[in-house]
Number of protein chains: 2
Amino acid sequence: MSALRSLAIVPSVSRVETADEAGNPLVLRLQRLAALTAADISALEHLSLHPRRYGPRVDLIRDDVVPKDAVVVLEGFACRYQQRGNGRRQIMAYLLPGDLCDVDAAYLGRMDHAVGTLSPCLLVRIPRQALVDLIAHHPNIAHALRLAKLSEEATTREWIANLGCRSALERMAHLFCELMARSEAVGLVQDGSCPLPLTQGDLGDTLGLSNVHVNRTLQEMRRHGWVELRGKSLRLLKPKQVQRVGEFSPNYLQPTSPANVHF
Amino acid sequence: MSALRSLAIVPSVSRVETADEAGNPLVLRLQRLAALTAADISALEHLSLHPRRYGPRVDLIRDDVVPKDAVVVLEGFACRYQQRGNGRRQIMAYLLPGDLCDVDAAYLGRMDHAVGTLSPCLLVRIPRQALVDLIAHHPNIAHALRLAKLSEEATTREWIANLGCRSALERMAHLFCELMARSEAVGLVQDGSCPLPLTQGDLGDTLGLSNVHVNRTLQEMRRHGWVELRGKSLRLLKPKQVQRVGEFSPNYLQPTSPANVHF
DNA sequence: CGGCGCCTTGAGAGTAATCAACGATAGTGG
DNA sequence: CCACTATCGTTGATTACTCTCAAGGCGCCG
């Protein structure tokens, strides 16, 4: 893995700070999952050429619709969610920068859930055919996308465990650890802080808690000196303790192919 | 869909009741997802030739291990689960007859969860290579497996919604509806009853409830006259009401390709 | 027959939801 | 520039759902 990482290192002196200041998050993400050639990287960057800005709380793919293309998040947080009859909303997955939503759009029928932005976002929509071509001509990318998908599935399972057998405090600790790790993987951690552009209501809809209880749980975390929330960013002051409380282990976020498993 | 179904109908007079009395559940399952040729069906049946019996509560794939092959359930219930540090177990998916576990074993690294039987089971393990060959030579099966995977993912998301924003009674109602629908899809519903070879403890580990509360919730469902639990089978006496309470809609269980969506 | 696992019941404790109100903040329009 | 409004965060009081602990019953298998 460290071998793969070193491929990603670009001398920062020579880098121009462009629109994507920190590098293309999709490239950063997939580079952690498979070795990419220069051609692979430029193909990915080509995909991200014409992103569009979206406001917060905007639906990208509505429930019950047949999606036409995939979505890549470049900036901001989006999510998969379901609006329930009793007025409640359940968020079933976060889409962070570098995440690709519905790669197999080609095989998808009607959506059983919606996809929408949480914060303001910079997004690219990728037509079905472009995705098919990409996968056909770039086996490394295809492999990385498969692993990314496995990672998403594992994350979904982890959320089930989170909701099913942890207290409010434990759930929140686990979620914060996950967000920190995922942010780190796409270069969004600065100074030990990662972005958290969510309202307490959003957190509640994620963790199955009321916004009032989210508020009190956050206060408890602050009281323990575990976390600091300032602006829209999160800092873990005592990462080890938060991980222990949330029973967090980052393995599920970075799946490896059998070929890569040596020990 | 009804066109697909009719392909599956075999004159029952001419059928010999063999070990798999009700037909191969894997075939039944995949036939609902794609049209299969006689060659496809015989290939699937060939896979299931040498099943093995397992007792209840037996681990099939342990946590933290690199799985070597996929598993098909022919009889009984298995599950994906995670054992948590606090002594709790969270079940993250049920594997019913006809379900194929870890089709992409070829791409899987270490498991982040375990797979084990709940009830006594009849199972087949399918070596990686056999699966790769099957997919390569049977495009219809490959397609059906993709849809089955989508169905599993949708089910996992649905469980998140179940845990995150429903009461004990609602969760249980939803789960029972799902089990009934999935059983129906593989010919396991007889007389309005489907198999439910689970203990109340298993249900608790699925729904994020204590076994005591599962017991009381079951009593409430019986008191309402909604369900009947006898032997190890479940009958919905007032299916409509149970569906309403659980906000259940079966769409997520049977994904369709865009090509199949006409209306 | 004894033991074990599972189901059942009761009592009490605790966690989280709901309801209601107020404060802070940011964006909007006059 | 400031009032205005909406959204979000915070707090208190009360309710309710679910858990834990404890004990007894039932049925099955050795």
(message) Under 4.0 Å, heavy atoms only, any strand: does Gly204(A) hit a base, just the sugar-phosphate, or nothing?
(response) nothing
(request) To the nearest Å, give me how far apart CG (Asn211(A)) and P (dT11(D)) are. (result) 14 Å
(request) Using atom CE of Met221(A) as one end and atom P of dT10(D) as the other, report the distance to the nearest whole Å. (result) 14 Å
(request) Would you kindly say whether Asp59(A) and Tyr81(A) are connected by a side-chain donor-acceptor distance under 3.5 Å? (result) yes
(message) Starting the side chain at C-beta, find the nucleotide from dG9(D), dT18(D), dA17(C) nearest to Leu209(A).
(response) dA17(C)
(message) Looking only at the aromatic ring of each residue, does the gap between the centers of Tyr94(A) and Trp159(A) stay below 6.0 angstrom?
(response) yes
(message) If I take atom CG in residue Leu229(A) and atom P in nucleotide dG9(D), what distance separates them, rounded to the nearest angstrom?
(response) 10 Å
(message) Could you walk me through whether Arg32(B) and Glu184(B) satisfy the salt bridge (charged side-chain N to carboxylate O under 4.0 Å, His left out) test, starting with their C-alpha distance in whole Å, then the side-chain angles of each, then the deciding distance to 0.1 Å, before giving a yes or no?
(response) CA-CA 11 Å; Arg32(B) 287 227 171 170; Glu184(B) 204 279 325; 3.2 Å; yes
(request) Can you tell me the distance, in whole Å, between the CG atom of Asp205(B) and the C1' atom of dC6(C)? (result) 14 Å
(message) Heavy atoms from C-beta onward define the side chain here; which of dC8(D), dT18(C), dT20(D) lies closest to that of Thr199(A)?
(response) dC8(D)
(message) Can you classify the ring geometry of Phe248(A) versus His174(A) as parallel (below 30°), tilted (30 to 60°) or perpendicular (above 60°)?
(response) perpendicular
(request) Tell me which nucleotide among dC7(C), dA17(C), dC8(D) gets nearest to the side chain of Arg88(A). (result) dA17(C)
(request) Could you please name the option among dA16(C), dT18(D), dT9(C) that lies closest to any side-chain atom of Arg216(B)? (result) dT9(C)
(request) Using a 4.0 Å heavy-atom cut-off across all strands, classify Arg166(B) as base, sugar-phosphate, or nothing. (result) nothing
(message) Nearest whole Å is fine: how far is dG9(D) P from His213(A) NE2?
(response) 16 Å
(request) Look at Gln200(B) and dG5(C) and indicate whether a side-chain polar atom (N or O) is within less than 4.0 Å of OP1 or OP2. (result) no
(message) Check the phosphate of dA6(D) against Arg57(A), side-chain N and O only, distance under 4.0 Å to OP1 or OP2. Yes or no?
(response) no
(message) Working to the nearest 0.5 angstrom, can you tell me the gap between Ser183(A) OG and Glu178(A) CD?
(response) 10.0 Å
(request) Quickly work out the Arg171(B) CZ to dT18(D) P distance and round it to whole Å. (result) 7 Å
(request) Taking only the side-chain heavy atoms of Ser210(A) (C-beta and beyond), determine which of dG9(D), dT9(C), dA17(C) contains the nearest atom. (result) dA17(C)
(message) Output the rounded distance in Å from CG (Asp202(A)) to C1' (dT7(D)).
(response) 12 Å
(request) Nearest whole angstrom, please: distance from the C1' of dT7(D) to the NZ of Lys232(A). (result) 11 Å
(message) Any side-chain N or O of Gln219(A) below 4.0 angstrom from OP1/OP2 of dT11(D)?
(response) yes
(message) From C-beta outward on Asn215(B), which listed nucleotide comes closest to its side chain: dT8(C), dT18(D), dT18(C)?
(response) dT8(C)
